[in-house]
Visitor: 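So that we are looking at the same thing, I have put the structure below in structure tokens.
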Amino acid sequence: MSDSIIRTEQLSRWFRRGPQEVRAVDGVDMRVEEGEFLAIIGASGSGKSTLLNLLAGLDTPTSGRIEFRGTSLDSLSRRELASYRALRIGMMFQSFNLIHHRSALENVELALYFNDCPVRERRSRAAAMLERLGLADRTAHRPGDLSGGEQQRVALARALAKNPAILLADEPTGNLDRRNADQIMSLLSDLNARGLTIVMVTHDVETAGRNARRIVRMHYGRVVADSGASGEARR
Ligand SMILES: Nc1ncnc2c1ncn2[C@@H]1O[C@H](COP(=O)(O)OP(=O)(O)OP(=O)(O)O)[C@@H](O)[C@H]1O
Ligand SMILES: [Mg+2]
């Protein structure tokens with residue numbers, strides 16, 4: 001067996017809206033290998049964010065399964081699932097989900113709350129990650145006083161500070177100009193080179209092509225193309 005970090009089996013998430021049923025994720029069989037840098041692309045509404053939320057354990061499948069390092073998420077207790085989310089998963093949301101009445105530093109620090117990390121170390125790790133993302137002079141700002149791109153980088157700092165097993169990033173460069181986008185992508189490539197597994201959702205095929213080693217395309221909730229379909233990561 002290969003060493004997949006995540007494996008899904010006929011994973012589906014359907015939403016009912018009135019009489020209509022939206023098959024946001026529809027029978028996805030996917031493996032993410034340890035150390036991989038995978039990009040998920042696809043039109044708006046194709047199910048990319050829904051899939052990422054499922055992988056993060058933030059949403060429950062309508063049917064099908066997700067395994068993380070061989071353990072099925074549906075076999076976890078609520079407490080175990082909470083700890084999976086808090087310790088293993090670094091999630092960067094498309095809409096950031098920052099806490100508005102907290103500073104950038106506090107937003108990042110809060111991600112370390114469940115990490116058994118002493119308060120002082122939480123603060124220094126949070127500050128170091130913000131600095132790495134070019135936000136050293138924005139730590140005291142609240143999200144509302146930051147630009148879209150800055151908020152995006154705070155969200156990324158929050159996802160990375162806990163040193164997760166896998167980073168799930170939803171449009172990590174969506175609000176950035178080319179220079180900042182390139183900076184973020186080179187940071188992600190660097191982290192991936194050091195062993196971090198990354199699943200990144202992006203609209204930007206060029207960004208995906210230049211950085212990810214494997215590209216999966218979604219269409220109406222299904223995986224319709226996978227550059228690593230053999231299960232092998234390729235460049
Ligand atoms: N909570 C929900 N209730 C009802 N429908 C939903 C819900 N969440 C998502 N959907 C629907 O599921 C489909 C997939 O949505 P999703 O957000 O996963 O798309 P996406 O690929 O991330 O799109 P985008 O590129 O615009 O972010 C869409 O048609 C959306 O309207
Ligand atoms: Mg989305």
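As the structure is a computational prediction, the values presented were derived from the model and not from experiment. When a ligand or atom number is given, it counts from 1 through the structure's own listing order.
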Visitor: Just need the protein heavy atom nearest to atom 26 (O) of ligand 1, so name the residue and atom and give the distance.
Guide: Ser44 OG, 2.5 Å
Visitor: What protein heavy atom sits nearest atom 25 (O) of ligand 1, and how far away is it?
Guide: Lys48 NZ, 2.7 Å
Visitor: Taking 4.0 angstrom as the limit, do Glu80 and Arg78 come out as a salt bridge?
Guide: no
Visitor: Would you call Arg65-Asp29 a salt bridge at under 4.0 Å N-O?
Guide: no
Visitor: Students should be able to answer this: which protein heavy-atom is nearest to atom 17 (O) of ligand 1, and at what distance?
Guide: Ser49 CB, 3.8 Å
Visitor: Before signing off on this row, confirm whether Glu171 and ligand 1 have an N or O atom pair separated by under 3.5 Å.
Guide: no
Visitor: Just to be sure I read this right, does ligand 1 sit under 4.0 Å from the backbone of Val22, its side chain, both, or neither, counting only heavy atoms?
Guide: side chain
Visitor: Are any of the N or O atoms of Gly45 closer than 3.5 Å to those of ligand 1?
Guide: yes
Visitor: I'd like the name of whichever of Trp14, Tyr220, Phe15 reaches closest to atom 5 (N) of ligand 1 through any heavy atom.
Guide: Phe15
Visitor: Ignoring hydrogens, tell whether any protein atom lies closer than 4.0 Å to atom 30 (C) of ligand 1; use the non-hydrogen atoms only.
Guide: no
Visitor: In plain terms, say whether Glu36 and Arg214 are close enough for a salt bridge, that is, a side-chain N and a carboxylate O under 4.0 Å apart.
Guide: yes
Visitor: Does Arg16 pair with Glu21 as a salt bridge, N-O distance under 4.0 Å?
Guide: yes
Visitor: Quick test: of every protein heavy atom, which one is nearest to atom 18 (O) of ligand 1, and how far off is it to 0.1 Å?
Guide: Thr50 OG1, 2.6 Å
Visitor: Using heavy atoms and a threshold below 4.0 Å, how should the contact between His203 and ligand 1 be classified: side chain, backbone, both, or neither?
Guide: side chain
Visitor: Could you tell me, atom by atom, which parts of ligand 1 come under 4.0 Å of a heavy atom of Ala24?
Guide: 12 (O), 13 (C), 14 (C)
Visitor: Do you reckon Ile166 sits in the same ILVMFWY cluster as Val28, going by side-chain contacts under 4.5 Å, direct or chained?
Guide: yes
Visitor: About how large, to 10 degrees, is the angle OG of Ser49, then the Mg ion (ligand 2), then OE1 of Gln94?
Guide: 90°
Visitor: Let's go through Arg178 and Asp182 carefully: what are the C-alpha distance in whole Å and the side-chain angles of both, what is the deciding distance for side chain to side chain contact (heavy atoms under 4.5 Å, CB included) to 0.1 Å, and is it a yes or a no?
Guide: CA-CA 6 Å; Arg178 179 49 67 193; Asp182 286 346; 3.5 Å; yes
Visitor: Answer yes when Glu67 and Arg69 have at least one side-chain N-carboxylate O distance shorter than 4.0 Å, and no when they do not.
Guide: no
Visitor: Below 4.0 angstrom from a heavy atom of Ser46, which ligand 1 atoms are there? Numbered from 1 as shown, please.
Guide: 19 (O), 21 (O)
Visitor: Among the clusters formed by ILVMFWY side chains lying less than 4.5 Å apart, do Leu196 and Met200 turn up in the same one?
Guide: yes
Visitor: For ligand 1, which atoms sit closer than 4.0 Å to a heavy atom of Ala43?
Guide: 21 (O)
Visitor: Salt bridge check: are Arg13 and Asp59 linked by an N-O gap of less than 4.0 Å?
Guide: yes
